[in-house]
S.K.: 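Structure provided below as structure tokens; questions to follow.
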Amino acid sequence: IFTNPNLLEVLRNNLLWLVLGTIVTVFAGLVIAVLVDRVRIESAAKAAIFIPMAISFVGAGVIWGLVYQYAAAGQPQIGIVDAIITRFGALPQAWLVNAPLDNFALILVYVWVWTGFCMVIISAALKSIPTEIIEAARMDGASELSIFFRITIPMISSTLTVVATTMVINLLKIFDIIYVMTGGNFHTNVIAVEYYQQLFNFQDYGVASALVVVLLIGVIPIMYFNIRRFRMEVQR
């Protein structure tokens, strides 16, 4: 695996998904949870953002495949993204073909689906913060930004850790979106898709087994961290 340029690209893509997907999804969930907590239509806003969770990754891949649909300049633009940018004079882009743009386009689909999950979990943690602490901080002259970073974040840090590790585990074995939208072509392949291709398409059981071992090695430290943190909380 580590001497094959194609497989090194697969590992690099998985690392990109791991880092960018986790950070953006958890951050977006946190920001939205804080913002919707302050509006009157909180329930409706949360429901609207959570709806993509009801869609399978295959369904999301089909939907966003239409969103990213490409047509040459001068042709009717069926894809929503190209239809918008061409209105402002830009040229249409093949979002799922041009690397590395296609990887970011695929990660956006994952963020769209899972941000609602992160928002709901983080929002529940925000509700558990005693209002007396927030009010005391405001009476002492703390700004909203200071309250957010000095009080809110530390008090929900355990929840953020749970959400982040959940995203990491999901992203390590990401498969559906890539398989449906690009099939791993155009430099978008990841470990799970490459494993499927090596096992069923090429029948290379050695490489397929090695990829599974790499995936297992990646998951074990995260599971160990979760179990250790859970035991520490139980002991408290």
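For reference, positions follow the sequence shown, starting with 1.
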S.K.: Measuring from atom CD1 of Ile32 to atom CZ of Phe50, what distance do you get when rounded to the nearest 0.5 angstrom?
M.R.: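 Spacing of CD1 (Ile32) from CZ (Phe50) equals 13.0 Å.
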
S.K.: Under a 4.5 Å cut-off applied to non-hydrogen side-chain atoms, are Val97 and Tyr70 in contact?
M.R.: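 A side-chain contact is absent here, since even the closest heavy-atom pair is not under 4.5 Å.
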
S.K.: To the nearest 0.5 Å, tell me how far Leu18 CG sits from Ile23 CD1.
M.R.: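 Interatomic distance, Leu18 CG to Ile23 CD1, rounded to 0.5 Å: 9.5 Å.
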
S.K.: Could you please spell out the steps behind the side-chain contact (heavy atoms from CB on, under 4.5 Å) verdict for Phe117 and Thr166?
M.R.: CA-CA 10 Å; Phe117 170 83; Thr166 302; 4.2 Å; yes

S.K.: Could you tell me which non-hydrogen atom of Pro154 sits nearest to which non-hydrogen atom of Ser157, and how far apart they are?
M.R.: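 Looking at all heavy atoms of both residues, the shortest contact is O-OG, 3.0 Å.
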
S.K.: State, yes or no, whether a side-chain contact exists between Ile78 and Leu66 at a heavy-atom distance under 4.5 Å.
M.R.: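 No, their side chains stay 4.5 Å or more apart.
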
S.K.: Say you draw a straight line from CD1 of Ile107 to CG of Asp102; how long is it, rounded to the nearest 0.5 Å?
M.R.: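 If we round to the nearest 0.5 Å, Ile107:CD1 and Asp102:CG are 10.0 Å apart.
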
S.K.: Quick one, Asn4 and Val10 - any side-chain contact, counting heavy atoms below 4.5 Å?
M.R.: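 Counting from C-beta outward, Asn4 and Val10 never come under 4.5 Å.
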
S.K.: Check whether any side-chain heavy atom of Arg229 lies under 4.5 Å from a side-chain heavy atom of Met232, and answer yes or no.
M.R.: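 They are not in side-chain contact.
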
S.K.: Once you round to the nearest 0.5 Å, how far does CG of Leu211 lie from CG of Asn14?
M.R.: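 Output value for this atom pair is 9.5 Å.
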
S.K.: Between Thr165 (side chain) and Val162 (backbone), is there a donor-acceptor pair under 3.5 Å?
M.R.: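 Such a contact is found between Thr165 side chain and Val162 backbone.
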
S.K.: Please report the closest heavy-atom contact between Thr22 and Ala164, naming both atoms and the distance.
M.R.: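 What the structure gives for the nearest pair is CG2-O, 3.9 Å.
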
S.K.: Check whether Leu215 and Tyr205 end up in the same hydrophobic cluster, where Ile, Leu, Val, Met, Phe, Trp and Tyr are linked by side-chain heavy atoms less than 4.5 Å apart.
M.R.: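 In one cluster: yes.
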
S.K.: Show me, pair by pair, the donor-acceptor contacts under 3.5 angstrom made by side chains of residues 80-95, not counting sequence neighbours?
M.R.:
unit_1	atom_1	unit_2	atom_2	d
Asp82	OD1	Gln93	N	3.0
Asp82	OD1	Trp95	NE1	2.8
Thr86	OG1	Asp82	O	2.7
Thr86	OG1	Ala83	O	3.1
Gln93	NE2	Leu91	O	3.4
Trp95	NE1	Gln93	O	3.4

S.K.: Can you tell me how far apart CH2 (Trp64) and CD1 (Ile177) are? Round to the nearest 0.5 Å.
M.R.: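 These two atoms lie 10.0 Å from each other.
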
S.K.: Mind listing the closest non-hydrogen atom pair of Lys46 and Met119 along with its distance?
M.R.: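 For Lys46 and Met119, the tightest heavy-atom pair comes out as O-CE, 3.5 Å.
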
S.K.: List the steps and the verdict of side-chain contact (heavy atoms from CB on, under 4.5 Å) for Tyr110 and Val24.
M.R.: CA-CA 10 Å; Tyr110 178 87; Val24 175; over 6 Å; no

S.K.: Indicate the atoms forming the closest heavy-atom contact of Met155 with Pro130, along with that distance.
M.R.: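 Shortest heavy-atom separation between Met155 and Pro130 comes out as CE-CD, 3.9 Å.
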
S.K.: Do the side chain of Ser123 and the main chain of Val120 share a donor and acceptor less than 3.5 angstrom apart?
M.R.: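 Not a single qualifying donor-acceptor pair exists.
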
S.K.: Going from CD1 on Ile121 to CG on Leu126, what distance comes out if it is rounded to the nearest 0.5 angstrom?
M.R.: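 Rounded to the nearest 0.5 Å, the CD1-CG separation comes to 11.5 Å.
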
S.K.: Using the ring of each side chain (for Trp, its six-membered ring), is Trp114 parallel, tilted or perpendicular to Phe57, with breaks at 30° and 60°?
M.R.: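 The rings of Trp114 and Phe57 sit tilted, inter-plane angle from 30° to 60°.
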
S.K.: Mind checking what makes side chain to side chain donor-acceptor pair (under 3.5 Å) contact with Thr188, not counting sequence neighbours?
M.R.: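 With neighbours one apart ignored, the set is Thr182.
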
S.K.: I want to check something: taking the side chain as every heavy atom from C-beta on, are Ile169 and Asn226 in contact at a cut-off of under 4.5 Å?
M.R.: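 In contact.
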
S.K.: Verify the cluster assignment for Ile178 and Ile55: are they in a single hydrophobic cluster under the rule of side-chain heavy atoms below 4.5 Å apart?
M.R.: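 Same hydrophobic cluster.
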
S.K.: Counting only N and O atoms by type, is there a donor-acceptor contact under 3.5 Å from the side chain of Asn13 to the main-chain atoms of Asn189?
M.R.: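 Side chain of Asn13 to backbone of Asn189, a donor-acceptor pair under 3.5 Å: yes, one is there.
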
S.K.: Tell me whether Thr115 contacts the main-chain N or O of Trp112 through its side chain, where contact means a donor paired with an acceptor under 3.5 Å.
M.R.: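 Flag not set: sc Thr115 to bb Trp112 has no pair under 3.5 Å.
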
S.K.: Has Gln198 got a side-chain atom pairing as donor or acceptor with Gly206's backbone, closer than 3.5 angstrom?
M.R.: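 No, Gln198 side chain to Gly206 backbone: no donor-acceptor pair under 3.5 Å.
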
S.K.: One pair to check against side-chain contact (heavy atoms from CB on, under 4.5 Å): Val207 and Phe202. What are the steps and the verdict?
M.R.: CA-CA 10 Å; Val207 173; Phe202 307 133; over 6 Å; no

S.K.: Would you say that Tyr68 contacts Leu106 through its side chain, given a criterion of any heavy-atom pair below 4.5 Å between the two side chains?
M.R.: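 Not in contact.
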
S.K.: If I compare all heavy atoms of Ala71 with all of Pro76, which pair ends up nearest, and what's the gap?
M.R.: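 Where Ala71 meets Pro76 most closely, the heavy atoms are CB-O, 3.5 Å.
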
S.K.: Are Ile191 and Val219 linked, directly or through other ILVMFWY residues, by side chains that come within less than 4.5 angstrom of each other?
M.R.: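 As far as the 4.5 Å side-chain criterion goes, Val219 and Ile191 are connected within one cluster.
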
S.K.: Hey, is CZ on Arg150 packed in by over 12 heavy atoms from elsewhere, all under 6.0 Å?
M.R.: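 No, because the 6.0 Å sphere around CZ of Arg150 holds 12 heavy atoms or fewer from other groups.
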
S.K.: Is there a chain of hydrophobic side chains (I, L, V, M, F, W, Y, each step under 4.5 Å between heavy atoms) that links Leu108 to Val31?
M.R.: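 Shared cluster, no.
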
S.K.: Take Gln69 and Gln77, measure what side-chain contact (heavy atoms from CB on, under 4.5 Å) needs, and give me the verdict at the end.
M.R.: CA-CA 8 Å; Gln69 185 74 39; Gln77 298 299 325; over 6 Å; no

S.K.: So do Leu160 and Ile153 actually touch side chain to side chain, heavy atoms under 4.5 Å?
M.R.: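 The answer is yes, as the side chains (C-beta and beyond) meet within the 4.5 Å cut-off.
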
S.K.: Examine Leu145 and Val34 and state if one hydrophobic cluster contains both, with Ile, Leu, Val, Met, Phe, Trp and Tyr joined whenever side-chain heavy atoms are less than 4.5 Å apart.
M.R.: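 Both belong to a single hydrophobic cluster.
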
S.K.: Are Leu35 and Val39 packed together at the side-chain level, in the sense that at least one heavy-atom pair is separated by less than 4.5 angstrom?
M.R.: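 Leu35 does not reach Val39 side chain to side chain.
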
S.K.: How about CZ on Phe230, more than 12 heavy atoms from neighbouring residues, nucleotides or ligands closer than 6.0 Å, or not?
M.R.: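 Counting other residues, nucleotides and ligands, CZ of Phe230 stays at 12 neighbours or fewer.
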
